[in-house]
Trainee: 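Sharing a structure below in structure tokens format, with a few things to ask.
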Amino acid sequence: MLLRARLHLYLPFQVQVLVSFPATNLIRNRPINTIPVTNGRPNIILNAATASTRAAEAVPSKESDAAAHPSSGATKLPVGKLFIPPGVERDKIKAEMILPGSNIVVGPYAGDAKIKQVEFVKSSGRAKDCPKNGLPEIAMMGRSNVGKSSLINSLVRKKEIAMTSKTPGKTQLINHFLINKSWYIVDLPGYGYANAPDSARTDWTTFTKGYFLNRDTIVTVLLLIDASVPPQKMDLDCANWLGRNNIPLTFVFTKCDKKKSGKSGVKRPEENVKEFQNLISKNYREPPPWIMTSSVTNLGRDDLLLHLSQLRNYWDN
């Protein structure tokens, strides 16, 4: 099994146990924050100045721009709460290197993030039936009706590449989509929908977990969290399980366009995101990457793809 950063997990009753939590992606037994960086591969390994420029293109540079993006995360985060990728020194991080609406720093491994081609490959009922060509995989999962299919369609800019439905719990197989003939988006079954028929209900403890525990091509898991509602225990439990099993993850907060501040006692997406981060921070010594998105407005779309590019490019080296 791949080595992971050793972090602390606080279990119930405040019993502290030392476990391996993948706050950062570790590939081929090399910690992500110790790999040396070179400039020997154009378009993949970029220098710090180029990385800063790429991030700056997406960051509001004027007050009016920031006002137009209320969920863009203009609030400055302390360095200790940032996800710092390989090749970036803590004392050299600049504001323009941080992707808006996230804690993600753009590093020298960020490259071409455009999706030019997408192809549905297959649906698998078992992990051992998944493609075996060794291409890197970005897995996506979350509670039923979290907006997973809509996010996939937004990322690839195709409305029906992933099935969307008003009825939660429709994804019941492991679905592989080949991107640019070089990596996969893996659509995993949702969890937490109790009203699915018994014949179609997916027990993620035996089905999806089998995928995580038997695939060595997973670059990261995008754990989708509905930002329009307060933190849910099942999401926290899922994140903790992934951590205990050394699975690298990125929190993707969905439905960040929904504003419910007019309703008494209902929190805004930004407030729910902050509360979730406060809860999950108890389990991680180093903060996992997170980003706010909306499939309606495409908030965070290009920034998420840029983040995935630096994870994939590091994985490939």
Side-chain angles (χ1 to χ4, degrees), residues 23 55-84 93-106 140-148 150-152 154-155 192 220-240 249-284 286-308:
E57 292 174 352
V59 176
S61 58
K62 300 179 182 179
E63 292 183 2
S64 58
D65 292 335
H69 298 79
S71 298
S72 62
T75 302
K76 293 183 179 179
L77 293 172
V79 173
K81 293 187 176 182
L82 295 175
F83 170 76
I84 304 175
I93 296 175
K94 299 179 180 180
E96 59 266 22
M97 296 172 65
I98 305 172
L99 295 176
S102 81
N103 72 333
I104 300 169
V105 176
V106 177
M140 298 179 63
M141 72 175 303
R143 287 189 301 115
S144 296
N145 208 29
V146 73
K148 177 164 52 69
S150 294
L151 179 61
I152 293 175
S154 174
L155 291 176
T220 191
V221 175
L222 302 185
L223 182 56
L224 276 57
I225 309 295
D226 187 346
S228 69
V229 298
Q232 303 294 301
K233 182 180 183 299
M234 64 183 66
D235 291 330
L236 296 169
D237 289 345
C238 180
N240 290 338
L249 63 87
T250 295
F251 293 113
V252 178
F253 294 98
T254 63
K255 305 182 183 181
C256 291
D257 58 289
K258 294 191 175 182
K259 305 295 182 181
K260 299 180 180 179
S261 58
K263 297 182 180 180
S264 176
V266 178
K267 295 182 178 180
R268 295 166 57 89
E270 297 92 332
E271 296 174 299
N272 291 325
V273 168
K274 183 177 181 180
E275 183 178 354
F276 185 92
Q277 292 166 1
N278 289 338
L279 291 171
I280 207 68
S281 66
K282 299 175 182 178
N283 299 338
Y284 289 84
E286 298 292 335
W290 60 264
I291 186 169
M292 298 175 68
T293 69
S294 167
S295 298
V296 175
T297 65
N298 285 326
L299 172 72
R301 175 193 179 275
D302 294 339
D303 301 315
L304 177 56
L305 288 174
L306 188 60
H307 168 60
L308 296 181

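Worth saying up front: this structure is predicted, and the values here are computed from it rather than measured. Counting begins at 1 with the first residue of the sequence.
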Trainee: Do any N or O atoms from the side chain of Gln232 and from the backbone of Pro230 form a donor-acceptor pair under 3.5 angstrom?
Mentor: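 Pair found, side chain donor or acceptor close to backbone of Pro230.
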Trainee: Compare every heavy atom of Val273 with every heavy atom of Ala227, then report the nearest pair and how far apart it is.
Mentor: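 Where Ala227 meets Val273 most closely, the heavy atoms are CB-CG2, 3.8 Å.
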Trainee: Apply salt bridge (Lys or Arg N to Asp or Glu O under 4.0 Å) to Glu275 and list each qualifying residue two or more places apart in sequence or on a separate chain.
Mentor: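 Listed in chain order: Lys267.
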Trainee: I want to check something: taking the side chain as every heavy atom from C-beta on, are Leu224 and Lys148 in contact at a cut-off of under 4.5 Å?
Mentor: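 The answer is yes; the side chains approach within 4.5 Å.
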Trainee: Would you say the side chain of Phe83 lies within less than 4.5 Å of the side chain of Pro287, judging by non-hydrogen atoms?
Mentor: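 A side-chain contact is absent here, since even the closest heavy-atom pair is not under 4.5 Å.
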Trainee: Could you tell me the separation between the CD atom of Gln277 and the CZ atom of Phe253, rounded to the nearest 0.5 Å?
Mentor: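 Rounded to the nearest 0.5 Å, the CD-CZ separation comes to 5.0 Å.
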Trainee: Atom CG of Asn145 and atom OG1 of Thr254: how far apart are they, to the nearest 0.5 Å?
Mentor: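 So the CG of Asn145 and the OG1 of Thr254 are separated by 9.5 Å.
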Trainee: Taking side chain as C-beta onward, heavy atoms only, is Leu155 less than 4.5 Å from Leu305?
Mentor: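 The answer is yes; the side chains approach within 4.5 Å.
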Trainee: Indicate yes or no for a side-chain donor-acceptor contact from Arg301 to the backbone of Ser295 under 3.5 Å, with no hydrogens or angles considered.
Mentor: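 Answer holds: no.
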Trainee: Rounded to the nearest 0.5 Å, what's the gap from CG on Asn272 to NZ on Lys255? Could you check?
Mentor: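 Taking CG in Asn272 and NZ in Lys255, the distance rounds to 12.0 Å.
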Trainee: How would you list, by chain and number, every residue that makes a side chain to side chain contact (heavy atoms under 4.5 Å, CB included) with Thr297, sequence neighbours excluded?
Mentor: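 In terms of side chain to side chain contact (heavy atoms under 4.5 Å, CB included), with neighbours along the sequence ignored, Thr297 is linked to Asp257, Ser294, Leu299.
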Trainee: Could you measure the distance from the SG atom of Cys238 to the CD1 atom of Ile225? Nearest 0.5 Å is fine.
Mentor: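 If we round to the nearest 0.5 Å, Cys238:SG and Ile225:CD1 are 7.5 Å apart.
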Trainee: So, for Leu77 and Ser102, which heavy atoms are closest and what is the spacing to 0.1 Å?
Mentor: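 That closest heavy-atom pairing would be CD1-O, 3.6 Å.
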Trainee: Under the rule for side chain to side chain contact (heavy atoms under 4.5 Å, CB included), what residues qualify as partners of Thr250, not counting sequence neighbours?
Mentor: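 Per chain and number, Thr250 pairs via side chain to side chain contact (heavy atoms under 4.5 Å, CB included) with Thr220, Leu222, Val252, Pro289, His307, Leu311.
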Trainee: Taking all non-hydrogen atoms of both residues into account, name the closest pair between Ser154 and Asn298 and its distance.
Mentor: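 Minimum heavy-atom contact is OG-OD1, 2.6 Å.
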Trainee: For Leu99, which of Asp302, Val105, Asp303 qualifies under side chain to side chain contact (heavy atoms under 4.5 Å, CB included)?
Mentor: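 Single pass found, and it is Asp303.
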Trainee: With rounding to the nearest 0.5 Å, note down the distance linking NZ in Lys282 to CG in Asn240.
Mentor: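 So the NZ of Lys282 and the CG of Asn240 are separated by 11.0 Å.
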Trainee: Sub-3.5 Å donor-acceptor pair from the side chain of Asp226 to the main-chain atoms of Gly147, do we have one?
Mentor: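 Side chain of Asp226 to backbone of Gly147, a donor-acceptor pair under 3.5 Å: no, none is there.
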Trainee: Report the C-alpha separation of Ile104 and Ile98 in whole Å, then their side-chain angles, then the decisive distance to 0.1 Å, and conclude whether the side-chain contact (heavy atoms from CB on, under 4.5 Å) test is met.
Mentor: CA-CA 6 Å; Ile104 300 169; Ile98 305 172; over 6 Å; no
Trainee: Of the non-hydrogen atoms in Trp290 and Gly101, which two are nearest, and what is the gap between them?
Mentor: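 Shortest heavy-atom contact: CZ3-O, 3.4 Å.
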Trainee: Could you walk me through whether Met292 and Leu304 pass the side-chain contact (heavy atoms from CB on, under 4.5 Å) test, one step at a time?
Mentor: CA-CA 9 Å; Met292 298 175 68; Leu304 177 56; over 6 Å; no
Trainee: Got a second to check how far Leu223's CG is from Met141's CE, nearest 0.5 Å?
Mentor: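 Going from CG on Leu223 over to CE on Met141, the span is 6.5 Å.
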Trainee: Work out which heavy atom in Asp235 is nearest to a heavy atom in Phe276; give both atom names and the distance.
Mentor: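 Reported closest heavy-atom pair: CB-CE1, 4.1 Å.
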